[in-house]
Amino acid sequence: MLTRRQTLAIAAGSLAAACSGLPARAGTESLQQLAARSGRRFGSAVGAGRALTASLADAGYRDLLIRECGLLVPENELKWYALRPDAETFNYAPADSIADFAREHGMGARGHTLLWHHPRWFPAWAEGHDYGPRPASTVERMLVDHIEAVVGRYGALIDSWDVVNEAVDADTGALRETPFSSRMGGPEAVMDLAFRTARAAAPGAQLVYNDYMSWEAGHETHQAGVLRLLEGFRARGVPVDALGVQSHIGSGNTDDSEGFDTAREDNWRRFLDTVVGMGYDLVITEFDVHDKNLPPDPALRDAAVAELGGRYLDLMLSYPQMGDVMCWGLCDRYTWLQNTWLRADRLPKRPTPYDADYRAKPLRGAIAEALRKAPPRAA
Ligand code: 9MR
């Protein structure tokens, strides 16, 4: 369950983070303030509607976001399936409510995502849609119109876009096909067009390829596929600025995952070295620490999550190319992990920095500590 290192750390009470399981008090530095010390921003995903992600409707959660964040990202509201009820219509209202909230409180925003290049997450209408006699040009037009419209609407607020999300099949390392790519001459053609269109529409924005390859054992094939994709972008002169490292770490996000910490740090460093060696910056786009396979005791879980999270962030922030740090939700009440890959004991999970009642957990302390001591970001 726990590694020897974690057991020792917990037993010795040596986790600085474990001392901070108290509500962040007024007057303590926010995570955004700590991130700013090294030239970064800190933020979180937030949802505007629907059950588990109805977090913006909750005053307690809003207060937490206002207190801690300099940056927000809509968790689902900019995805094609949410924004495009059909091929002609845009449903901006939910994303607008998040954008309004960010502006009202002086926060920035990231955009997730202009193209989730995964057939499962295309809108249901996309496969059966009538693309006419020249499907390739119809798809091209739709993609360009979509990106120009969305970037145009939020361009004054959003300065970093996950232009393409999850194009690499984690099991094979190959590029996925989608209802668009099969009509447009393959995945590269679609992605290249997406990035070129985004660059033209938002010349000053950071353009990101975002994926969930991670440092755990078993991610080697996925990492290799992402490196090939990034090499291809460079070879074709595609305007991609950064790799978004989602950072869903911990228990492994599969049904049959076992254990908790299977990090292969040397291998992961080599992966990141190769990415930055190609001239890419890095962003932590969706950080959380999955506690599915940890023992039930909440204090023990919280300590192990904080230890792993802190160690991960220390490694990531040692790269001067590493930019902003985003959690995928700040509070255990609203995390996507509550309704998927359930724990064997069915207990609620504790993967975020705040518990379900908005009390800071040791992970909050570990994030604060990692940000506090992070070396400066490269200009
Ligand atoms: O957290 C998101 C969850 O609410 C949605 O149901 C799901 C499908 O749209 O997407 C989740 O967010 C994913 C993100 O968009 C891409 N990386 C993985 C995230 C967790 O699945």
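In this chain, residues are counted from 1 in sequence order. Everything numeric in this text was worked out from a predicted model, so none of it was measured. Side chains included, hydrogens not; waters and symmetry mates left out as well; all remaining heavy atoms used. In listed order, ligands and their atoms are each counted from 1.
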Novice: Ligand 1 and Trp121, any nitrogen or oxygen pair closer than 3.5 angstrom?
Specialist: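 Min N/O separation from ligand 1 is not below 3.5 Å for Trp121.
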
Novice: Does ligand 1 come near enough to Trp336 that some N or O of the ligand is less than 3.5 Å from an N or O of the residue?
Specialist: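 No, Trp336 has no N/O under 3.5 Å of an N/O on ligand 1.
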
Novice: Is Arg183 paired with Glu127 through a side-chain N to carboxylate O contact shorter than 4.0 Å?
Specialist: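 So Glu127 pairs with Arg183 through a salt bridge.
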
Novice: So, do Trp328 and Phe287 have ring centers that fall under 6.0 Å from each other?
Specialist: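 Aromatic pair excluded; centres sit 6.0 Å or further apart.
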
Novice: Taking Tyr61's backbone N and O only, do any of them form a donor-acceptor pair with Arg333's side chain (distance below 3.5 Å, no angle check)?
Specialist: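 Pair absent, no side-chain N/O of Arg333 close to backbone of Tyr61.
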
Novice: Is any N or O atom of Glu166, backbone or side chain, closer than 3.5 Å to an N or O atom of ligand 1?
Specialist: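 Yes - when backbone and side-chain N and O of Glu166 are compared with those of ligand 1, one distance drops under 3.5 Å.
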
Novice: Please collect all side chain to side chain donor-acceptor pair (under 3.5 Å) contacts where either partner lies in residues 187-198, sequence neighbours excluded, each pair once.
Specialist: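 As it turns out, the side chain to side chain donor-acceptor pair (under 3.5 Å) pairs with a partner in residues 187-198, which skip direct neighbours, are Asp192-Arg236.
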
Novice: Sort out for me which residue in His117, Gln246, His118 forms a side chain to side chain donor-acceptor pair (under 3.5 Å) with Glu166.
Specialist: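 For Glu166, the side chain to side chain donor-acceptor pair (under 3.5 Å) check succeeds only for Gln246.
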
Novice: Residues two or more places apart in sequence or in another chain: which of them pass side-chain hydrogen bond (donor to acceptor under 3.5 Å, both in side chains) with Asp86?
Specialist: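 Applying side-chain hydrogen bond (donor to acceptor under 3.5 Å, both in side chains) to Asp86 gives Thr89.
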
Novice: In ligand 1, which numbered atoms sit nearer than 4.0 Å to a non-hydrogen atom of Tyr81?
Specialist: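 Per the distance check, 8 (C), 9 (O).
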
Novice: Looking only at heavy atoms, is any part of Thr113 under 4.0 Å from ligand 1, and if so is it the side chain, the backbone, or both, or is it neither?
Specialist: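 None of Thr113 does.
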
Novice: Run down the list Glu286, Arg120, His248 and name the one with the heavy atom closest to atom 17 (N) of ligand 1.
Specialist: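 Of the listed residues, Glu286 has the closest heavy atom.
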
Novice: Would you indicate which of Gln246, Lys79, His118 comes nearest to atom 13 (C) of ligand 1 when only heavy atoms are counted?
Specialist: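 The nearest heavy atom belongs to Lys79.
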
Novice: Can Arg377 and Asp324 be counted as an ion pair, charged N to O under 4.0 angstrom?
Specialist: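 Judged by the 4.0 Å cut-off on N to carboxylate O distance, Arg377 and Asp324 do form a salt bridge.
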
Novice: Looking at ligand 1, does any of its N/O atoms fall within less than 3.5 Å of an N/O of Asn165?
Specialist: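 No.
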
Novice: Does any N/O atom on Glu75 come nearer than 3.5 Å to any N/O atom on ligand 1?
Specialist: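 Yes; at least one N/O pair falls below 3.5 Å.
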
